[in-house]
Each structure stands twice: as structure tokens, then as C-alpha cells.
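Take a look at the structure set out below.
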Amino acid sequence: MKSNNHKMYLLLLALMYGGAGIAADDHGHEHEASAKTEQHEEHTEDEHGHDEEAENTVHLNEEQRRTAGIVVEPLMPKPLVEEIEAPGEVTLNTYATSQITPRIEAQVVARHARLGDEVKKGQSLVLLSSASMAEAQGALLLASKEWQRVRKLGKKVVSEQRYLESRINYQQAYSRLLAYGMTEKQANQLVNNSAIGKADGSFTLLSPQDGTVIRDDFIIGQMVQPGDLLFEITDESTIWVEARVNPNVMQHIHVGAPVRILSGGNWISGKVVQIHHALDEVTRTMAVRLEIPNPGDHLHPGQFVTARIQVGSSTTAAMSLPADAVMRSPDGDWQVFVEKEAGEYEPVEVEIIRQIPGLAVIGGLEPGTRVVTKGAFFVQSELAKSGFAVHNH
């Protein structure tokens with residue numbers, strides 16, 4: 001009996017300790033599984049952070065940067081230039097322009113220059129023929145012969161009246177030829193040759209200046225009248241821009257003020273040369289004439305441009321960027337693109353403190369931060385292609 005009781009006791013002990021061991025083992029496995037789950041979650045969060053950072057960055061190779069014209073500059077405080085922005089139109093510099101017209105009725109015989117030609121002062125432009133000129137040329141030859149004869153005889157032989165009449169007739173005949181369109185050199189050549197056959201009424205109009213032929217609306221054989229425009233020649237090394245300015249700000253503009261115009265994506269500097277003193281009846285604006293150098297002949301009359309006229313400068317420095325370097329993010333905030341390293345750009349939100357024509361004064365970045373100042377739209381477009389919405393708070 002005792003033996004049976006002892007066996008039962010041992011069995012109970014085994015069951016108790018065995019169950020506890022199983023429970024402890026199960027608890028250990030649960031703890032290990034929990035730790036592994038936490039590690040996996042941490043690893044997943046880490047990977048998600050790296051993916052988000054990668055997706056929030058634009059990578060451009062050297063060829064892409066060059067093609068897009070990407071320019072990166074360190075953001076530094078600098079004085080602000082106060083400017084007035086106004087629309088403008090390119091016009092001829094009329095002070096450097098000439099119109100060639102006949103002074104008498106004539107017929108076009110030959111053309112010596114064409115539209116677009118670069119001509120020099122004194123260069124032949126067109127050969128004309130006129131009955132009036134033939135009559136004047138003949139009269140000069142006769143008057144010249146008579147004057148040479150009388151002058152050779154002298155006042156001792158001929159009367160004073162004849163002497164004066166001969167001289168006056170010659171001067172009048174000579175002046176008439178000049179008035180009809182011949183130059184002094186051409187008239188002198190006619191007189192010195194003394195050939196009656198040269199008095200055929202033909203004469204050549206010459207260029208009065210160096211420049212480019214911008215108009216030549218005539219044809220060979222055409223009869224032209226006094227004042228008809230045959231050629232227009234201009235020196236295109238400088239052109240004018242007529243800027244239309246609100247009359248309320250005219251008191252800030254003065255002759256000689258620096259200006260710049262935007263044409264074809266490029267800024268060209270110049271100066272104010274004249275200020276009109278009457279309002280345009282249609283636009284109710286004042287015209288300000290700007291002189292702009294045009295060495296590459298990129299500007300032509302009729303082009304519309306944006307003009308900015310300097311009216312002062314600030315005494316305090318501010319962090320500013322070109323206006324088109326500051327973009328709207330998908331959530332509506334202002335942002336710029338910061339260069340992390342060559343070819344790698346990250347959008348960073350900024351605050352616009354103030355805007356002036358062409359510039360935005362910003363806050364939120366440290367001085368020296370390298371920012372995309374040109375080509376930001378292209379960088380933003382590349383970011384949008386990835387389908388990632390920027391929320392960089």
C-alpha cells in the first residue's frame with residue numbers, strides 16, 4: 001500500500017514540474033517572437049524613411065543639368081535694388097536712322113543695295129534718271145564754260161556786270177544740281193570732265209551713314225516722286241525701347257537711370273535717355289525711352305519686352321532669390337531646391353517675406369545654402385514625374 005502511495009506521489013511531482021517546464025518554454029518562445037517582430041518593424045520603418053528621403057530628392061546627371069541650364073548659387077544677404085516694371089516695345093533709334101528719298105521726279109534705273117545689306121557711308125545705293133536733272137546738268141556745263149571764259153578775260157576786259165552775272169549763273173546752276181540730289185563730288189566731276197554727253201540726267205543716290213538696309217520698297221523702272229521712300233538705313237548697334245509707365249511713379253524715374261530688359265530669356269542692361277511729357281491718350285501711361293546696346297542684332301523693332309527701371313537701392317541687405325527660383329509645392333507652400341551634392345536637389349520650404357519685380361526676399365534658410373537659382377521649374381518637373389508629393393515641413 002505504501003509502495004502504491006509512493007508511486008502516486010512521484011507521478012504527481014513529475015506532472016507538476018513537467019508542466020512548469022513546458023509553460024516556461026512557451027513563455028520563452030513568445031518573448032523571442034515578440035523581439036523579432038519589434039526588430040522587423042524597426043527595420044521596416046528604417047527602410048521606409050530611407051525610401052521617402054530618396055523619393056524626395058531629384059538626381060540629374062551632368063548632361064541634364066547643362067541642357068536645362070541649371071544654375072546653383074550660395075544664398076547670401078545682398079542689397080536690394082528697387083525697380084519699376086513696365087511693358088515695352090523695341091523701336092528704331094531714329095537718331096541713328098536715315099531715309100533715302102529722291103528730291104525730283106525720276107525713274108529707277110539700277111539697284112546697288114538690297115534689304116539686309118550692311119552699307120558704308122558714301123556707298124552707292126540706286127541709280128536714277130530724270131529729265132529735270134538732265135536740264136540742270138546741261139545748264140551747269142554751259143554756265144561753267146561761260147564763267148571760265150569770263151574769269152580768264154578778267155575784269156579789265158569784260159564789264160563788271162557781265163563778270164558778276166557769269167559768276168552768279170554758275171553758282172546757281174551748281175546749287176541747283178546739289179538741290180536735285182547730286183553730291184558736290186559728282187557735280188565737280190561733271191564740270192571737270194566738261195563732256196556734254198555726261199548731261200544725260202542720270203545720278204546716283206549714296207548712303208549718308210554706316211548701317212543696315214531695313215527697307216527698300218521699289219522696283220527697277222519705277223517712276224518715283226519727290227519724297228518717296230527708296231531706302232531706310234539704321235545703325236542697329238543701339239536700339240530704343242519705349243516703356244509704358246504708370247504716371248503715378250514717374251517722379252521716381254530720371255534720365256540716366258540704369259535699366260534692364262528681358263528678351264528671349266536674357267536680361268540686357270541699358271539706361272533711360274528720354275522721358276515723354278504727355279500721356280498716351282489710349283493707354284493713359286507715360287512713355288520712357290530706354291537706350292539698349294544691341295551688338296548681336298538680337299533685338300528688332302516691334303518686339304515686346306519687359307523693362308525694369310531702377311529707382312533706388314536699399315541700405316539693408318536681405319536674402320533674395322530670382323522670383324522664378326521660388327516654386328509652389330503640391331500642398332501650396334513656397335519652396336526652393338537646395339543642392340545636397342552635385343546633381344542632387346532637395347525641395348525645402350521657405351517663407352516669402354517680400355516680393356519686388358523679379359526678386360523674392362525669403363526666410364528659412366541659412367546663409368551659404370546652395371540653391372537652384374535658374375532651372376527650378378525643370379527640377380520640379382523631374383520631381384513630379386516620380387509621382388511623389390512634397391510635404392517637407
Side-chain angles (χ1 to χ4, degrees), residues 57-58 60 65-66 68-88 241 243 245-246 249-273 288 290-293 295 298 305-329 332-380 383 390 392-393:
T57 304
V58 179
L60 300 176
R65 299 198 302 269
R66 183 172 58 254
I70 304 296
V71 176
V72 178
E73 297 176 294
L75 182 64
M76 300 299 293
K78 48 191 172 185
L80 294 178
V81 175
E82 299 286 346
E83 294 178 315
I84 293 173
E85 184 171 292
V241 169
V245 179
N246 187 324
V249 298
M250 288 301 297
Q251 67 270 22
H252 302 297
I253 299 175
H254 62 273
V255 173
V259 303
R260 55 189 180 127
I261 66 164
L262 178 63
S263 176
N266 298 314
W267 287 100
I268 308 171
S269 298
K271 63 181 179 180
V272 175
V273 290
V288 178
L290 318 177
E291 185 177 87
I292 307 295
H298 299 302
V305 298
T306 297
R308 289 184 183 155
I309 305 170
Q310 186 172 327
V311 294
S313 57
S314 174
T315 56
T316 58
M319 306 273 275
S320 63
L321 287 171
D324 53 7
V326 186
M327 315 291 291
R328 283 283 191 187
S329 66
D333 295 322
W334 292 108
Q335 69 179 17
V336 299
F337 287 94
V338 173
E339 183 185 59
K340 299 178 68 177
E341 56 183 61
E344 185 176 340
Y345 310 102
E346 180 182 24
V348 176
E349 287 185 7
V350 295
E351 176 189 2
I352 289 188
I353 300 171
R354 179 187 174 197
Q355 286 183 302
I356 59 177
L359 288 177
V361 180
I362 67 167
L365 291 179
E366 293 295 323
T369 304
R370 292 183 59 78
V371 178
V372 176
T373 57
K374 190 174 182 181
F377 181 79
F378 179 82
V379 178
Q380 188 178 55
L383 183 64
V390 181
N392 187 21
H393 293 284

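Source: prediction; values computed, not measured.
Here the CD-CG distance, from Glu351 to Leu365, works out to 11.0 Å after rounding to the nearest 0.5 Å. Rounded to the nearest 0.5 angstrom, Leu359 CG and Ile352 CD1 are separated by 11.5 Å.
Between Val273 and Leu290, the shortest heavy-atom distance links the atoms CG2-C, 4.3 Å. Taking all atoms of both residues into account, the shortest heavy-atom contact from Lys78 to Ser320 is CE-OG, 3.6 Å. Closest approach of Ala318 to Val361, counting heavy atoms only: CB-CG1, 3.9 Å. Looking at every heavy atom in both residues, Val326 comes nearest to Trp334 through CG1-CE3, 3.6 Å. Nearest approach of Ile353 to Gly363, heavy atoms of both residues: CD1-N, 3.9 Å. Here the closest non-hydrogen pair linking Gln335 and Pro347 is OE1-CB, 3.6 Å.
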key: Full working for side-chain contact (heavy atoms from CB on, under 4.5 Å) between Val58 and Gln380   = CA-CA 8 Å; Val58 179; Gln380 188 178 55; over 6 Å; no
message = Test side-chain contact (heavy atoms from CB on, under 4.5 Å) on Thr306 and Glu85; report intermediate values, then the result.
response = CA-CA 7 Å; Thr306 297; Glu85 184 171 292; 3.7 Å; yes
ask   = Step by step, would you call Ile362 with Leu75 a side-chain contact (heavy atoms from CB on, under 4.5 Å)?
value = CA-CA 10 Å; Ile362 67 167; Leu75 182 64; 3.9 Å; yes
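Val259 has its side chain within reach of Ile292: a pair of non-hydrogen atoms, C-beta onward, lies under 4.5 Å apart. The shortest distance between side-chain heavy atoms of Arg354 and Leu80 falls below 4.5 Å. Residues Met250 and Val245 are in side-chain contact: their nearest non-hydrogen atoms beyond the backbone lie under 4.5 Å apart.
The side chain to side chain contact (heavy atoms under 4.5 Å, CB included) search around Pro258 returns Gln310, not counting sequence neighbours.
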Under 3.5 Å, which donor-acceptor pairs do the side chains of residues 367-378 form with other protein atoms, sequence neighbours left out?
| unit_1 | atom_1 | unit_2 | atom_2 | d |
| --- | --- | --- | --- | --- |
| Thr369 | OG1 | Glu366 | O | 2.6 |
| Arg370 | NE | Glu339 | OE1 | 2.7 |
| Thr373 | OG1 | Val71 | O | 3.3 |
| Thr373 | OG1 | Glu73 | OE1 | 2.9 |

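Identified under the salt bridge (charged side-chain N to carboxylate O under 4.0 Å, His left out) test for residues 251-260, with sequence neighbours left out: Glu83-Arg260.
Exactly one residue among Leu60, Val338, Thr57 makes a side chain to side chain contact (heavy atoms under 4.5 Å, CB included) with Tyr345. That residue is Leu60.
Other residues, nucleotides and ligands contribute only 12 or fewer heavy atoms inside 6.0 Å of the NE2 atom of His298.
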